[in-house]
Amino acid sequence: MRSPPNAPAGAGGSSNDPSPNPICRRLLEKVRSMSTRLANQGRLIDRSKPIEFTFNGTRMTGYAGDTLASALLANDQLLVGRSFKYHRPRGLVASGAEEPNALVGLGTGDRFEPNQRATTTELFSGLSAQSQNHWPSLEFDVGVVNNKLARFLPAGFYYKMFIHPRPFWKHIYEPIIRKSAGLGQAPDQELKDADTYEHFYFFCDVLVVGGGVAGLQAALVAAKSGAKVLVLEQNAHWGGRAPVDGGMIDGDYPEAWVEQALAELTAMENVTLRNRCMGAGVYDHGYALGYERLTDHAPGQGGPRHRMWRIRAKQIVTATGAIERPLSFAGNDVPGVMLASAMRDYVVNWGTAPGKRVVVATNNDDAYRTALTLHEAGIEVVRLLDTRETGGGALMAEAREKGIRVECGRGIAKVKDGKCVTKVAICAQNGQGGAQEEVEADAVAMSGGWSPVVHLWSHCGGKLIWDDAQAHFRPDPERPPLGADGTGFVVAAGSANGPLELGHVLADAAEAGAKAAKAAGFEAEAKPATGAAQDEAPMQPVWLMPARAEIDLRMKAWLDFQNDVKVSDVQLAAREGFESVEHTKRYTTLGMATDQGKLSNINGLAILADSLGSEIPQVGTTTFRPPYHPISMGAIGGEARGEIFQPLRKTPMHDWHEANGADWEPVGHWRRPYAFVRAGESVKEAVSREILNTRQNVGLLDASTLGKLIVKGPDAGRFLDMMYTNMMSTLKVGKCRYGLMCSENGFLSDDGVVARIDEDTWLCHTTTGGADRIHAHMEEWLQTEWWDWKVYVANVTEQLAQVAVVGPKARMLLEKLNAEAGGGMDVSKEALPFMEWKDGEIGGFTCRAYRISFSGELSYEIAVPASQGQAFWDALMTAGEEFGVMPYGTECLHVMRAEKGFIMIGDETDGTVIPQDLGLNWAISKKKEDFIGKRAQERSHMVDPDRWQLVGLETLDGSVLPDGAYALGNGVNANGQKNTIGRVTSTYHSPTLGKGIAMGLVRHGPKRMGEVIEFPGTDGTTYKAKIVDPIFYDKEGEKQNV
Amino acid sequence: MLILECPYCGVKAEETELHAGGEAHLKRFGPGSSDDEFHDYLFMRENPKGVHFERWRHVNGCGKWFHAARCTTTLEVFGTYTAQTSAPPQEIRDAITAKRPGWSWREFE
Amino acid sequence: MKRYSAFAVAREALRYHTGWERAWRNPAPKRQYDVIIVGAGGHGLATAYYLGKNFGITNVAVLEKGWLGGGNTGRNTTIIRSNYLQDPSAAIYEKARSLYEDMSQDLNYNVMFSPRGVIMLAQTEHEVRGYKRTAHANALQGVSTEWIEPARVKELVPIINLAGPRYPVLGGLWQERGGTARHDAVAWGYARACSAMGMDIIQQCEVTGVRSEGGRVIGVDTTKGAIDCDKLGMVVAGNCSHLSQMAGFRLPVESVALQALVSEPIKPCMDVVVMANTVHGYMSQSDKGEMVIGGGTDGFNNYTQRGSFHHIEETVRALIETFPMVSRLKMLRQWGGIVDVTGDRSPIISKTPVQNCFVNAGWGTGGFKAIPGSGWAMAELMATGHSPLAEEFSMMRFKEGKFIDESVAAGVAH
Amino acid sequence: MSDPLSALAGARYAGLATIEEAGLQGMITLRGDLSSKTLQKAVKAATGAAVPQTRRIAVSDTGAVAWMSPDELLLLVPYAEVVDKTAALTDALSGDHALAVNISDARAVFTLSGAGAREVLGKICPVDFDVSAFKPGDFRRTRMAQVAAAFWLDEAETFHIVCFRSVAQYVFNLLMASAHPQSKVGVY
């Protein structure tokens, strides 16, 4: 007897422990006794490397090289999940990405992932999987009551039911439906994904998707032409189906040829090979996504879990193979019914027996390979049912020779319902399902023919044609997806292109490789390897088994396994007028499950066409959408998470703010301190303190985020006159002027102080976050409208750290700094008057100082090189100590400007406000013929005297008006909405004045000074406010001008 | 995911390096124009199914605005050219004619 | 029309559902109709339905070049809310929302309107102010909406990460009676009801020309022949420029691709619709369990129904930041639709320079939620020449500078 | 004046490639007519290098000149000399329509060296880093994940990366993530 390959290494003790504890031993024995592992076969598994895993808490063992699916099968775990709608027990149907049933919750905690396909999950040590969509357990699921009611729940039943009474949908019906649908559990809401992800850009001449023999053949031809080639294979292993399907390539076994092709490709410098990397989608202009799973087979090993390749290829070869179609007979969803090719895979690749007595049903020759494989592995083939009256070709002869009982013109009437296959009723294919014989079997292999995987071909608009002989859609070479140059950029190769026979596949793939290489600009020669396989008889399209099955059979014949769509559902949809394939899909949910109809689409189409009395090509297909197979959201997001979710812009003093209590406010990608909060203080208290201190002593504001643009050239003045509503060309050198910018649509878009630096140079300040936008705005006009004007613009925002030194003691502070440095810029009123600027040194720092004020106080904005910003800030803080200097944040800035009646872009403006609304007519030049926005402001609605205009607002009791409140007018409008006559744009408590102050836009406002208007709050209170002048503080402007 | 070749720096820029700037060759109407002229200038766009001329800025690159001739139903690009012109250059128009005989767009054909 | 009900389903079950009749007839076009609606999407079918229901006009054809409900109606993220800022928007979206409430009963078709609530997250001070302003406006507009604090947001959306490192949630604008509906069912329900009123829904019938005489519309040419009409309504998102050109006028719209995606289905984990505008992502969970996610629009004219993938990336990373569990879900399917965008991103429901020819277009990214209100207003405008709901949405507003700009309150128009 | 500070004070990380903040670098934005003899002379005087070809950088012993756009160059000079050199350029070009601005403090500069350098950038920039596609002396302005950046490659296969100062930390973190020791792609 062979010693069991799985020595007790993983069973709890070390491998040389002679006495594992009794419980473990018992478990182990149980596992072994249930194993369906075959003694031989299993080319992908390494029997010297057993791997422990758990399924629904039960410990099981598999081998390195297993998928979770093959390991479950080897542990005789036939039942793997429950279906979406009827909660029917389901087993494995397929062996790859097309599997609809075997979806599990994988992993735990911050590495849990729902809906993972067992067939594409490589087994690893410690894997823990849970089956889905059942309660309380997989074996006993109360949801199966839906199955009993299936007759009452046909396609679209919910559109016809649950209509009355109205509240029941939201409160009763919908919650129940939602809970019973939904498949896997949601990941824990409080945990963050433990893994990281990344992207990678890659450029190549030819991208080959698929590492089967067709992909490798195409890659060889393309690579030999000198083209830069990238080959993607979704599985861990190369070679695709060929090693399982047999035949000979260049006189050798396919496996050997694959190895040699790989060696050859690996040796070529112009070739990159990636396995575990799926071609997920094809997009315009040669863009393709590769989805590389780096650590899914070994979680937690460090490094990114998935890498998304953003590929630009001149040409894309889709060598994505073909997928076998199920046959539609009653009970085709019972666990143990499997695609014939999948069954062959499980035997050959993983050495697992899906059963001991198998019925094979087919309409083509390929399933004979399965029968022969099973036979060879010692598994009894009870019957081979061939729907074709004359049966198959050479393979049939071989099968009969080996003693396999082949019956032609036969099919399956039904498989007995249950959690596994027990009995199979056999009937004439061309009948209504009257059973002629019932055989005992524990598995069924079915083959309804093959459909090329045309997804990637179709994603970007490639069209399909119907192939009558093979009864499938294949890429129409005349109508490929078109690239940037208007020519095709995708070439299908091998069975993805239609050919199924090995020799044809290789020849077609070589042609495809050559075609792609040539289209990418290389000279290529299509020299295929020679493939030899047995001749096959033509397949026979079979869309229903038996062909004239009665309704009770059709209601049990599944098309879409996961979404529980049956033949009868599609027929019902057609009967009710859902004739378009898109209607049928949506009405029945056919093909909308997580397998996206890889198994069900063509079968469903055929049933629909038949129901409509139409031909399949006339019915057409639904649109194929990316991705080919679901890809992780993590991979799509890439590296952008946590700290690097988005760029965070920092001023040179950012770290100081952070260390000194900054309560941050996001402004674009910048962070600005909202206030500097001290220990024991609330944010609100901090704001009050900052305001009072700045008004009484001196405050510092980090104004570095304000945009600073240098505009220079002989035409700069003329240009700025177009950009601003004001006249900037007449500004004198050394002076500053507050300027407004509008969009061409007339609305106020930005403001800031403009300084004239010299004869042909201006410096324009923008709002925080406005720098890039306004810079782009200027460049746009300069490059696309006035390209003959001589103006250069440079954005110097980040070159400078800018500090506003504000308050009655600001000058004293600067003078002290100068004194300490032994001299510096004269900052007296005479030397540097209000609205002027000067270059020089303050406290030893080279700087430019502007006498401008946004607070109404004596104020200097001082710009130093960014590299000196922190040092300058430190110097101001140190020297200012005796004057009570404090930093202040944006909220203090906002309140102080509101006290002064200064407008704020984004508060008083919202993209619908023109300068005229804000009483800013003084800043709109009447002398200029033109500026951006001028013509727009002449339109009828813009000159309407009823436009709301800026005023100040004060509540009668000194309280603060609610933010965003609207002023009530009389009556209602034609739609029954209460009329409004204005709104609050800014509202604050002013600690300076000890009361609430607000600004707002009010209809005829400036003419209604003193009137009291009402603002209904959302709290049930109506606030009364008096219309007042918007300047609440220092109306004469004496303080800023001292 | 378009690729457009910047005519200034030659980079075959992918869309994320570019900023789309709407229809090309607009004639600006300012003060003195009629309401209709101004309205059409600001809001009336060709929005064709087929050949279109549009503005792009190589924003994550050389920063220059340029023009592209592109088909809106296939995303085929016929060519890119300087923004400092008020009409598509002849070689661009010829390139389009070769692919889309009989095309027209505003006054151009 | 046979009524739908649980009893009807049970009765049919006993005879294997062989007795169901067609949901809508499949007629050949007549020579003449009182009204032709071009476009059998949600808006077009709703227009026809309310023409019949509210005005008794049933000699109506709805022409569709593809299959009904196959445009943006069948490819949007199904969000329904009405807490818009500006009066005209609030009026029409609230009309629509209130019609959704009774739509299943009205149409005898379960459109699965699910008033599960919609939250728009405020993640900057600017958004906080914008949404408070909207709440004030809504109170006067008769739209029920409410500003809520972060703790309440977390209660409603347990999967949210309130303290995201970048944009902590500062609160939200909550509309409890907003929600979602089954998009296809809205089109199918209207189609079935229109058909039952005797209207002809003619699919696979493309309009190839618009005929007019003396500045007045008289009919259309189609791939199924010429058809006369007294009045013509154009309700063809993604094609309105094309169609208006046939009628001899232009529209201030541009067509761009808008994308959406869904995750694989999971058990219920989010009962409300969440929109996070600062980071550009919105998400709800369908009754099937899929997380339905809306992406952004491309900046360039596009008729391919395929958008650029970087918008998907932007949306997904925003959602991962807002709902960390999303990271371990998988994208099942992505798709695109063509939306028409106007100069102020608000729609046009308007008379046109051609007499008796009306247009309903430019819904941008927000059309689904408006369907019944839009159909109601368009029907009223076509039947009577005047509709208070449509008044401000006239295409003349662009000339006057009288825009309806919803972007002003930090919100976006979807 | 105090000692000037660069954005990240010489931060360093070694993974798939070595990332180093390069400290202060004198940088001048020069806009003007690149074909003008006066300009070419002034550039040579400031940097010792000639005006480069499109998307190239010209390096001399004392400085370098990078092609930014058809009317813009980036001049690299010693940090200590940048103020004077900017003034000298302005002087030399006073008769022309030109603009010279010191932007040394507006930027951060990183070097990225080692065998994995091309791959690290390939994760975050939509640029072909194949040795045949990106060569020493090539200069490229592009997008680095979500920010604008520019870089060039020197003869020692070291990339020099320039980004805005405000996003220096973001770029450094981004490069660190891309250079994670267990994230080798292995294609270059």
Side-chain angles (χ1 to χ4, degrees), chain A residues 113-115 151-152 154 157-163 166 170 174 177-179 181-187 189 192-193 283 551 572 576-577 580 582-583 586 594 625-626 630-634 636-637 640-641 645-646 665-666 910-912 939-942 963-966 974-975 977-978 1018, chain C residues 4 6 9-10 13 16-17 20 22-24 67 70 87 91 104-105 109-110 114-115 124-125 129 132-133 135-137 139-141 158-159 166 184-185 264-269 287-289 309 313 316-317 320-321 324-335 388 400-402 405 408:
Chain A
E113 183 177 18
N115 302 331
R151 195 159 166 187
F152 298 95
F157 72 97
Y158 29 76
Y159 301 118
K160 298 170 180 160
M161 295 165 69
F162 316 124
I163 296 172
R166 192 181 93 180
K170 156 110 197 282
E174 187 184 31
I177 289 176
R178 289 186 68 188
K179 276 220 176 68
L183 291 180
Q185 288 300 325
Q189 65 196 36
K192 284 196 181 169
D193 190 344
Y283 302 83
I551 180 71
L572 173 63
E576 291 192 87
S580 147
E582 283 286 353
H583 279 157
R586 288 152 184 263
T594 68
R625 299 288 187 184
I631 62 177
S632 70
M633 297 286 189
I636 296 169
R641 56 178 61 216
F645 163 58
Q646 279 184 355
E665 175 185 8
D910 64 359
T912 69
R939 290 173 298 186
S940 62
H941 185 62
M942 301 292 193
D963 220 330
Y966 276 76
N975 291 314
Q977 301 168 319
K978 287 182 182 160
T1018 48
Chain C
Y4 288 161
V9 172
Y16 298 103
H17 302 282
W20 294 113
R22 296 182 63 94
W24 48 80
W67 40 282
D87 285 351
S104 295
Q105 293 75 35
Y109 202 90
N110 188 0
S114 169
T124 63
E125 291 294 331
R129 285 195 301 272
K132 286 185 172 169
R133 176 179 165 192
H136 280 104
L140 301 176
Q141 292 154 343
I159 64 169
R166 199 52 63 90
D184 293 324
E264 294 184 323
I266 49 172
K267 291 294 178 193
C269 65
D287 285 347
K288 283 178 68 185
F309 194 74
E313 291 175 4
V316 167
R317 65 191 186 220
I320 290 173
E321 205 62 15
M325 55 87 84
V326 165
S327 182
R328 293 196 83 89
L329 303 182
K330 293 190 282 292
M331 176 172 82
L332 173 59
R333 184 171 69 246
Q334 61 161 117
W335 67 93
E400 295 159 1
K402 200 174 180 187
D405 189 345
V408 306

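Chain identifiers are assigned alphabetically (A, B, ...) following the order of the sequence lines, protein sequences preceding nucleic acid strands; residue numbering begins at 1 within each chain.
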Would you mind checking which part of [X] comes under 4.5 Å of any heavy atom in chain A, side chain (CB onward), backbone (N, CA, C, O), both or neither?
{"X": "C/E313", "value": "both"}
{"X": "C/L329", "value": "both"}
{"X": "C/D287", "value": "both"}

Between [X] and [Y], which heavy-atom pair has the shortest distance, and what is it?
{"X": "C/E264", "Y": "A/P630", "answer": "OE2-CG, 3.0 Å"}
{"X": "A/E174", "Y": "C/S114", "answer": "OE1-OG, 2.6 Å"}
{"X": "C/D184", "Y": "A/R586", "answer": "OD1-NH1, 2.8 Å"}
{"X": "A/G577", "Y": "C/R22", "answer": "CA-NH2, 3.6 Å"}

How long is the straight-line distance from [atom2] of [Y] back to [atom1] of [X], given to the nearest 0.5 Å?
{"X": "A/D193", "Y": "C/I320", "atom1": "CG", "atom2": "CD1", "result": "8.0 Å"}
{"X": "A/F162", "Y": "C/N110", "atom1": "CZ", "atom2": "CG", "result": "7.5 Å"}
{"X": "C/K288", "Y": "A/L183", "atom1": "NZ", "atom2": "CG", "result": "9.0 Å"}
{"X": "C/R328", "Y": "A/M633", "atom1": "CZ", "atom2": "CE", "result": "13.5 Å"}
{"X": "A/R178", "Y": "C/C269", "atom1": "CZ", "atom2": "SG", "result": "8.0 Å"}

Point to revise | Atom NZ of C/K267: over 12 foreign heavy atoms under 6.0 Å | key: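 Counting neighbours around NZ of C/K267, more than 12 heavy atoms of other residues, nucleotides or ligands fall under 6.0 Å, so yes.
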
Exercise for review: Assess whether atom NZ of A/K978 is packed by more than 12 heavy atoms of other residues, nucleotides or ligands within 6.0 Å.
Suggested key: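 Open: at most 12 neighbouring heavy atoms sit under 6.0 Å from NZ of A/K978.
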
Is there side-chain contact between [X] and [Y], with heavy atoms separated by less than 4.5 Å?
{"X": "C/Q105", "Y": "A/I163", "answer": "yes"}
{"X": "A/I636", "Y": "C/M331", "answer": "yes"}
{"X": "C/E400", "Y": "A/R939", "answer": "no"}
{"X": "C/R317", "Y": "A/R641", "answer": "no"}

Under 4.5 Å, counting heavy-atom pairs only, tell me which of [options] racks up the most with chain C.
{"options": "A/R166, A/Q185, A/K179, A/E582", "value": "A/R166"}
{"options": "A/G911, A/A640, A/G637, A/P187", "value": "A/P187"}
{"options": "A/P626, A/S632, A/A974, A/P154", "value": "A/P626"}
{"options": "A/E665, A/K192, A/Q646, A/M942", "value": "A/Q646"}

[X] side chain to [Y] backbone, donor-acceptor under 3.5 Å:
{"X": "C/K132", "Y": "A/G964", "result": "no"}
{"X": "C/H17", "Y": "A/R151", "result": "yes"}
{"X": "A/H583", "Y": "C/G70", "result": "no"}

Looking at [options], which has the largest count of heavy-atom pairs under 4.5 Å with chain A?
{"options": "C/E321, C/Q141, C/R129", "answer": "C/E321"}
{"options": "C/V326, C/V316, C/I266", "answer": "C/I266"}
{"options": "C/A91, C/S104, C/G289", "answer": "C/A91"}
{"options": "C/P158, C/A137, C/A139", "answer": "C/P158"}
{"options": "C/P265, C/G401, C/A10, C/A6", "answer": "C/P265"}

Check your understanding: Checking A/L572 against chain C: side chain, backbone, both or neither under 4.5 Å from a heavy atom?
Key ->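 The side chain, not the backbone.
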
Review point. Quick one: what part of A/T594 sits under 4.5 Å from any heavy atom of chain C, side chain, backbone, both or neither?
Key: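 Its backbone and side chain both get close to chain C.
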
Check your understanding: Residues in salt bridge (charged side-chain N to carboxylate O under 4.0 Å, His left out) with A/K160, at least two apart?
Key ->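 By the salt bridge (charged side-chain N to carboxylate O under 4.0 Å, His left out) rule, A/K160 matches A/E576.
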
Point to revise | Whether A/Y283 and C/F309 hold their rings parallel, tilted or perpendicular, with breakpoints at 30° and 60° | key: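 Ring orientation, 0 to 90° scale: tilted.
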
